[in-house]
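When reading the values below, keep in mind they use all heavy atoms of this one structure, side chains included, and skip hydrogens, waters and symmetry mates.
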Number of protein chains: 2
Amino acid sequence: MSCNTILKAKGYRLTPQRRVILDILHGGDAHLTADIIYEQVRDKVAGVNRSTVYRTLELMESLGLVVKAELHGTHVYHHSEEGHHHHLKCRQCGRVVELPEESMSLLRETLLEKQGFAADLNHHVITGLCRECRE
Amino acid sequence: MSCNTILKAKGYRLTPQRRVILDILHGGDAHLTADIIYEQVRDKVAGVNRSTVYRTLELMESLGLVVKAELHGTHVYHHSEEGHHHHLKCRQCGRVVELPEESMSLLRETLLEKQGFAADLNHHVITGLCRECRE
DNA sequence: TTAATTGCAAACAATTTGCATAGAA
DNA sequence: TTCTATGCAAATTGTTTGCAATTAA
């Protein structure tokens with residue numbers, strides 16, 4: 001089911017602004033900041049406001065269409081169907097390593113089974129000490 | 001090894017301000033925001049500055065003495081020896097449920113073994129849909 | 001003594017708000 | 001026609017910075 005369909009099904013309106021923002025989230029890189037998204041929106045359509053971007057992202061997040069994560073000190077967004085992955089972030093050297101989705105699928109199953117909780121688990125940042133910094 | 005000892009061992013100074021902040025982190029609730037910490041510091045000692053609180057928290061975090069997490073939309077801090085736990089946060093109703101530490105210990109072992117990464121994993125927030133909101 | 005740490009005040013970034021208007025359904 | 005969504009401008013929140021003065025070691 002497409003984002004557009006989901007939006008309408010829930011009674012939300014599909015405005016041009018939302019359409020553009022969704023386009024960007026689907027077409028672009030992962031890890032887009034609100035600011036980058038805003039700039040890309042402006043490149044396509046003039047006169048779109050920053051608060052609209054924020055409001056749209058918030059709505060999409062609540063619907064599960066968009067995932068928000070904290071990375072490199074800021075918030076990043078990406079659409080939720082994207083290839084999931086996670087990050088290991090060393091709290092000492094700051095280095096970030098990507099991690100395949102499977103590494104957490106066991107956890108997902110456990111949570112679903114024991115808590116009835118359907119975890120998104122599609123963009124997690126785990127801090128700790130990397131091999132090098134453990135010396 | 002106490003925080004004080006660790007600080008000194010790394011060549012950092014144990015100032016009254018840092019002492020008070022560490023006290024608060026050890027004595028108080030979990031989930032303290034920078035702002036709450038600041039207020040509690042002021043209750044004990046006058047004239048402490050906000051930036052000192054931020055700088056101290058940043059230092060403690062880099063040393064692994066303090067853990068920072070994002071919860072309820074803001075950053076919360078707590079000392080790292082505290083009973084670890086995690087959170088399941090429903091992205092629809094916003095409800096937050098606590099989760100015991102053990103639920104992620106398997107993940108920790110896997111990461112250590114396969115990546116050589118010593119994950120802190122002591123205060124994670126996992127978003128998803130709770131049982132009720134999955135309808 | 002002296003380099004690390006602090007207070008101060010100001011700057012900064014990211015995000016949110018209220019309200020009148022525009023526009024999707 | 002109706003009520004959601006937007007633009008605007010301003011306010012807020014959270015956090016960081018440069019620099020001179022202070023102070024732990």
Between its two end axes (five pairs each) the helix from C:dT1-D:dA25 to C:dA25-D:dT1 turns, nearest 10 degrees, through 50°
| request: Using the six-membered ring wherever Trp is involved, compare the ring planes of B:His26 and B:His79 and label them parallel, tilted or perpendicular (cut-offs 30° and 60°). | output: parallel
Among residues 10-18 of chain A, which ones have heavy-atom contacts with DNA chain C below 4.0 Å?
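Within residues 10-18 of chain A, the residues near DNA chain C are A:Arg13, A:Leu14, A:Pro16.
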| task | Within residues 43-53 of chain B, find the residues that approach DNA chain C with a heavy atom at under 4.0 Å, and present them sorted by residue number. | result |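 Per residue number, the list reads B:Gly47, B:Val48, B:Asn49, B:Ser51, B:Thr52.
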Tell me the closest heavy-atom pair linking [X] and [Y], and the distance in Å.
X	Y	result
A:His31	A:His78	N-CB, 4.2 Å
B:Val48	B:Tyr38	O-CE1, 3.4 Å
A:Phe117	B:Ile126	CZ-O, 3.7 Å

What residues form a side chain to side chain donor-acceptor pair (under 3.5 Å) with [X], not counting sequence neighbours?
X	answer
B:Thr74	none
B:Arg50	B:Asp35
B:Arg18	none
A:Arg13	none

B:Glu58 atom CD is separated from D:dG14 atom C1', nearest whole Å, by 14 Å
When rounded to whole Å, the CD1 to P distance for the pair B:Ile37 and D:dG14 reads 13 Å
May I ask you to verify if any side-chain N or O of B:His75 is less than 4.0 angstrom from the OP1 or OP2 atom of D:dT15?
yes
- Under 4.0 Å between a side-chain N or O of B:Tyr54 and OP1 or OP2 of D:dT15?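 So the side chain of B:Tyr54 is within the cut-off, an N or O lying under 4.0 Å from OP1 or OP2 of D:dT15.
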Checking the side chain of A:Arg108 only, and the main-chain atoms of A:Ala118 only, is there a donor and an acceptor separated by less than 3.5 Å?
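The answer is no, because no donor-acceptor pair under 3.5 Å joins these two groups.
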### Query
Distance-only, no hydrogens or angles: does the A:Ser80 side chain make a donor-acceptor pair with backbone N or O of A:Leu65 under 3.5 Å?
yes
Residues at least two apart in sequence or cross-chain that pass side chain to side chain contact (heavy atoms under 4.5 Å, CB included) with B:Val20, listed by chain then number, are B:Ile24, B:Val41, B:Lys44, B:Val45
| message | Starting from A:Ile6, can I reach A:Ile21 by hopping between I/L/V/M/F/W/Y residues whose side chains sit under 4.5 Å apart? | response |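 As far as the 4.5 Å side-chain criterion goes, A:Ile6 and A:Ile21 are connected within one cluster.
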Review point. Is A:Leu88 reachable from A:Leu129 through a run of hydrophobic residues whose side-chain heavy atoms are each under 4.5 Å from the next?
Key: no
Note: contacts of residues 60-67 of chain A with DNA chain D (heavy atom, under 4.0 Å) are none
Contact span of DNA chain C against chain A, any nucleotide atom under 4.0 Å from a heavy atom, 5' to 3', runs C:dA14 to C:dA25
_Going by ring pair (Phe, Tyr, Trp, His ring centres under 6.0 Å), name the residues that satisfy it together with B:His75, two or more places apart in sequence or in a different chain._
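For B:His75 there are no ring pair (Phe, Tyr, Trp, His ring centres under 6.0 Å) partners, ignoring immediate neighbours.
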Would you give me the side-chain donor-acceptor pairs under 3.5 Å for residues 51-58 of chain A, sequence neighbours excluded?
{"unit_1": "A:Ser51", "atom_1": "OG", "unit_2": "A:Asn49", "atom_2": "OD1", "d": "2.7"}
{"unit_1": "A:Ser51", "atom_1": "OG", "unit_2": "A:Arg55", "atom_2": "NH2", "d": "3.4"}
{"unit_1": "A:Thr56", "atom_1": "OG1", "unit_2": "A:Thr52", "atom_2": "O", "d": "2.7"}

